[in-house]
Protein chains: 2
Amino acid sequence: MRKISDATITRLSRYYRSLARLERKNQEMVSSKELAQTGGATSVQVRKDLSCFGQFGTRGLGYPVCQLKETIAHILGLHRTWNVALVGAGSLGAALISYKEFKRQGFHIVAVFDKDPAKVGKNKRGLIILDIKNLPEVSRELKIDMAIVAVPKTEAQSVVNLLVQAGFKVILNFAPVNLMAPPQVTIRNVNMAIELEALSYRLMAN
Amino acid sequence: MRKISDATITRLSRYYRSLARLERKNQEMVSSKELAQTGGATSVQVRKDLSCFGQFGTRGLGYPVCQLKETIAHILGLHRTWNVALVGAGSLGAALISYKEFKRQGFHIVAVFDKDPAKVGKNKRGLIILDIKNLPEVSRELKIDMAIVAVPKTEAQSVVNLLVQAGFKVILNFAPVNLMAPPQVTIRNVNMAIELEALSYRLMAN
DNA sequence: GTCTGTGAAGAGTTTCACAGCT
DNA sequence: AGCTGTGAAACTCTTCACAGAC
């Protein structure tokens with residue numbers, strides 16, 4: 001299989017959401033054109049993206065909604081649940097614990113860590129905040145698959161170092177800072193400030 | 001000036017952060033190589049990105065830190081402050097109000113709106129939650145420049161419709177749904193679930 | 001006729017290679 | 001020597017065009 005681009009994976013996620021909605025409406029078949037409209041892409045793009053993984057449609061008819069949804073779920077790993085560790089029990093952390101879409105897609109935040117002794121032991125949206133010192137052992141015991149970093153930017157690199165040492169392979173980082181990690185570790189960044197800056201550029205440009 | 005890619009703008013934001021750090025360290029000059037390392041790019045990329053806007057360096061010496069930082073600030077619109085409306089006073093909204101990096105870069109959330117009568121009038125991190133019905137007039141009065149949507153996905157499209165009608169030109173959306181808007185309105189999406197899905201794909205793939 | 005699947009063309013982005021300045 | 005600035009090459013991603021199936 002040839003290398004799949006990040007853009008393709010992102011679009012698959014969107015197609016998956018569209019398919020879920022069509023499934024709820026009991027629609028059986030969907031054309032690439034229809035899927036494109038709701039997913040914000042073009043019909044060719046949809047077909048090209050899907051063709052990376054196989055042939056799922058029927059010419060003249062389109063794609064079977066349920067089946068395609070299941071297929072994408074398997075590609076993206078949404079057919080199972082993932083255990084997620086959250087580091088940082090601030091207000092962003094709280095928002096992430098309550099974020100419905102995570103649970104909906106099978107991402108379960110099963111442990112929250114913080115380094116602040118004043119927070120450790122407290123209950124945060126149903127989870128007891130754990131001391132970050134215990135992260136390696138707890139991650140092993142609870143079979144945690146991925147980590148979310150939601151700490152201030154000054155702390156982010158040291159948290160990542162700890163996560164790497166504990167064996168984490170994928171990390172979602174919310175701190176607005178560029179983080180270093182060995183190549184076998186994938187870090188994805190959500191930098192909300194950069195998003196606003198891109199918008200402010202837009203307002204400047206015209 | 002030729003069209004500037006989104007990727008370039010995003011990288012400028014990162015260079016800006018690196019420059020701010022170098023400035024705090026009182027470093028006067030920086031080479032494209034050094035800027036690249038801290039900003040997660042290559043040195044040619046840095047030079048190419050900057051060359052879109054002019055010639056800011058000196059051959060043999062590099063770029064003047066403060067001056068380049070100011071230049072990028074002007075390009076991105078960070079030399080001024082922007083008034084931001086937040087729609088959705090849930091826990092994500094609360095996290096965004098408290099998010100330091102916004103203030104740091106001059107993005108001031110000056111009003112929070114919600115449609116829930118039980119929330120309207122309450123204080124949220126120092127801001128009184130306003131009724132979303134009053135969004136158009138308040139936006140005008142407070143000269144609000146941009147909007148952040150942090151409502152459940154079922155509400156997002158109607159909120160965007162309202163924002164478009166109120167004359168907003170740029171919107172940052174956190175709801176995990178594809179939104180429709182006229183072409184003159186720029187919507188940027190932060191979909192945290194899709195980020196995790198890309199990571200779960202990574203874990204599946206190897 | 002409708003719609004998928006895909007090689008080829010096109011557009012856009014990144015990297016290379018090197019001229020030119022300090 | 002060290003570093004910027006940039007046309008050209010290489011690469012990647014998207015769109016076109018159309019063959020093939022229903």
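Just so we're on the same page: letters track the sequence lines, and every chain starts at 1.
- The separation between A:Leu68 atom CG and C:dT4 atom C1' is 12 Å, rounded to whole Å.
- For A:Glu23, the salt bridge (charged side-chain N to carboxylate O under 4.0 Å, His left out) criterion is met by A:Lys69, not counting sequence neighbours.
- For B:Tyr63, a side-chain nitrogen or oxygen approaches OP1 or OP2 of D:dG5 to under 4.0 Å.
- Every residue two or more places apart in sequence or in another chain was checked for a salt bridge (charged side-chain N to carboxylate O under 4.0 Å, His left out) with A:Asp116, and none qualifies.
- Residue pairs meeting the salt bridge (Lys or Arg N to Asp or Glu O under 4.0 Å) criterion with at least one member in residues 78-96 of chain A, sequence neighbours excluded, are A:Arg80-A:Asp145.
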Q: If a protein heavy atom is under 4.0 Å from the base, mark B; if only from the sugar-phosphate, S; if neither, -; do that for nucleotides 15-22 of chain D going 5' to 3'.
A: BB--BBBS

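- Residue pairs satisfying the salt bridge (Lys or Arg N to Asp or Glu O under 4.0 Å) criterion with at least one member in residues 149-166 of chain B, sequence neighbours excluded, are listed as follows: A:Glu101-B:Lys153, B:Lys115-B:Glu155.
- Contacts of residues 12-28 of chain B with DNA chain C (heavy atom under 4.0 Å): none.
- The ring-ring contact (aromatic ring centres under 6.0 Å, His included) search around A:His108 returns none, not counting sequence neighbours.
- Straight-line distance from the CD1 atom of A:Ile9 to the C1' atom of D:dC13: 14 Å, rounded to whole Å.
- B:Tyr99 is linked by a ring-ring contact (aromatic ring centres under 6.0 Å, His included) to B:Phe102, counting only residues two or more places apart in sequence or in another chain.
- In terms of the salt bridge (charged side-chain N to carboxylate O under 4.0 Å, His left out) criterion, residue partners of A:Lys133 (sequence neighbours excluded) are, by chain and number, A:Asp131.
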